[in-house]
Enquirer: 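The structure under discussion is supplied below as structure tokens; questions concerning it will follow.
This chain uses plain numbering: 1 for the first residue, then up along the sequence.
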Amino acid sequence: MPKLLFSRIRLYEFKDLMPNMKRPRRIDIVLNCRRRKKDIQCVSVQKCNDEMYSSKLSCQTDHKLHLEKLLKDKKYLAAFHSFLQSEFSEENIEFWLACEEFRLTTSPEDLQWRAEELYREFIQPTACREINVDQHVREKIKQALEKPSLSCFDEAQKHVYLLMERDSCPRFLHSDAYLSLKRKSRTLWYL
């Protein structure tokens, strides 16, 4: 008889009679449940991180495409230039445009004086419209001025382009000037 009192069946029957008493949980079920929650959280965090990365990537490529379009279209380029003037950073777009014009130079004599002019106006530390480039880029350009080539300003131009792409272009794309110009171009298309 004492065996029956402490058997499993009798113990569970006894607990069923007491509804307010909490049943002990099996530890393996609790651990498995916690593992599943962690796995779900890890998957959701990874998914969120992937979505954020893809949105950042699409945002960066979006700004890159917009900057390319801005630099090709004369109306948008003029609006972007005036926006940069209002932010006191028009030297970036002017340097980029001057480098594009410099690449079209054909004669070696013109190449020499144009390279020196670009250096004095934008690169030299005391220049009136000095651009923000690293010291080693300045030194490379200064050395390249001895025998200039069409590609002597490429690194500085790329640096300025990336600066505009990351900094100025996103602000311009959210500005009233760009949005109104975009609306005007849409309405003109429908007319």
Enquirer: Apply salt bridge (Lys or Arg N to Asp or Glu O under 4.0 Å) to Asp110 and list each qualifying residue two or more places apart in sequence or on a separate chain.
Expert: none

Enquirer: Could you check whether any side-chain heavy atom of Gln112 comes within less than 4.5 Å of a side-chain heavy atom of Pro148, counting everything from C-beta outward?
Expert: yes

Enquirer: Measuring from Leu71:CG to Tyr161:OH, what's the distance to the nearest 0.5 Å?
Expert: 6.0 Å

Enquirer: Excluding sequence neighbours, so at least two apart, what forms ring-ring contact (aromatic ring centres under 6.0 Å, His included) with Phe83?
Expert: Phe172

Enquirer: Return the minimal non-hydrogen interatomic distance between Ala79 and Leu181, and the atom names on each side.
Expert: CB-CD2, 3.8 Å

Enquirer: Supply the atom-to-atom distance Leu173 CG to Ser168 OG, rounded to the nearest 0.5 angstrom.
Expert: 10.5 Å

Enquirer: What residues form a side-chain contact (heavy atoms from CB on, under 4.5 Å) with Leu179, not counting sequence neighbours?
Expert: Arg183

Enquirer: In the structure I gave you, are the side-chain heavy atoms of Leu150 and Leu111 within less than 4.5 Å of one another anywhere?
Expert: yes

Enquirer: Any chance you could measure Arg114, atom CZ, to Cys99, atom SG, to the nearest 0.5 Å?
Expert: 12.0 Å

Enquirer: Name all residues meeting the side chain to side chain donor-acceptor pair (under 3.5 Å) criterion together with Gln135; count only those two or more places apart in sequence or in a different chain, and write none if there are none.
Expert: Glu139

Enquirer: Tell me every residue that passes salt bridge (Lys or Arg N to Asp or Glu O under 4.0 Å) with Glu87, counting only those two or more places apart in sequence or in another chain.
Expert: Arg171

Enquirer: Can you tell me how far the CD atom of Glu165 sits from the CG atom of Leu163, to the nearest 0.5 Å?
Expert: 10.5 Å

Enquirer: Given 3.5 Å as the limit, does a donor-acceptor pair link the side chain of His159 with the main chain of Asn132, or not?
Expert: yes

Enquirer: Please confirm whether the backbone N or O of Lys75 pairs with a side-chain atom of Asp73, one donor and one acceptor, at under 3.5 Å?
Expert: yes

Enquirer: Can you pull out every ring pair (Phe, Tyr, Trp, His ring centres under 6.0 Å) where at least one residue sits in residues 101-133? Sequence neighbours excluded, please.
Expert: Phe95-Phe122, Phe102-Phe153

Enquirer: With sequence neighbours excluded, give me every salt bridge (Lys or Arg N to Asp or Glu O under 4.0 Å) pair touching residues 152-164.
Expert: Arg103-Asp154, Lys140-Glu155

Enquirer: For the SG atom of Cys169 and the CG atom of Leu162, what is their distance to the nearest 0.5 Å?
Expert: 12.0 Å

Enquirer: Going by side chain to side chain donor-acceptor pair (under 3.5 Å), name the residues that satisfy it together with Gln124, two or more places apart in sequence or in a different chain.
Expert: none

Enquirer: Is any side-chain heavy atom of Leu77 closer than 4.5 Å to one of Leu97?
Expert: yes

Enquirer: List for me each residue that meets side-chain contact (heavy atoms from CB on, under 4.5 Å) alongside Thr106, sequence neighbours excluded, and say none if there are none.
Expert: none

Enquirer: Taking only residues two or more places apart in sequence or in another chain, which ones pass side chain to side chain donor-acceptor pair (under 3.5 Å) with Glu101?
Expert: none

Enquirer: Under the side chain to side chain donor-acceptor pair (under 3.5 Å) test, which residues partner Arg166, sequence neighbours left out?
Expert: none

Enquirer: I need the Leu70 CG to Met164 CE distance, nearest 0.5 Å.
Expert: 9.5 Å

Enquirer: Kindly state whether the ring of Phe80 and the ring of Tyr178 have centres lying under 6.0 angstrom apart.
Expert: no

Enquirer: Show the nearest heavy-atom pair for residues Lys182 and Tyr76, with the distance to one decimal.
Expert: CA-OH, 3.7 Å

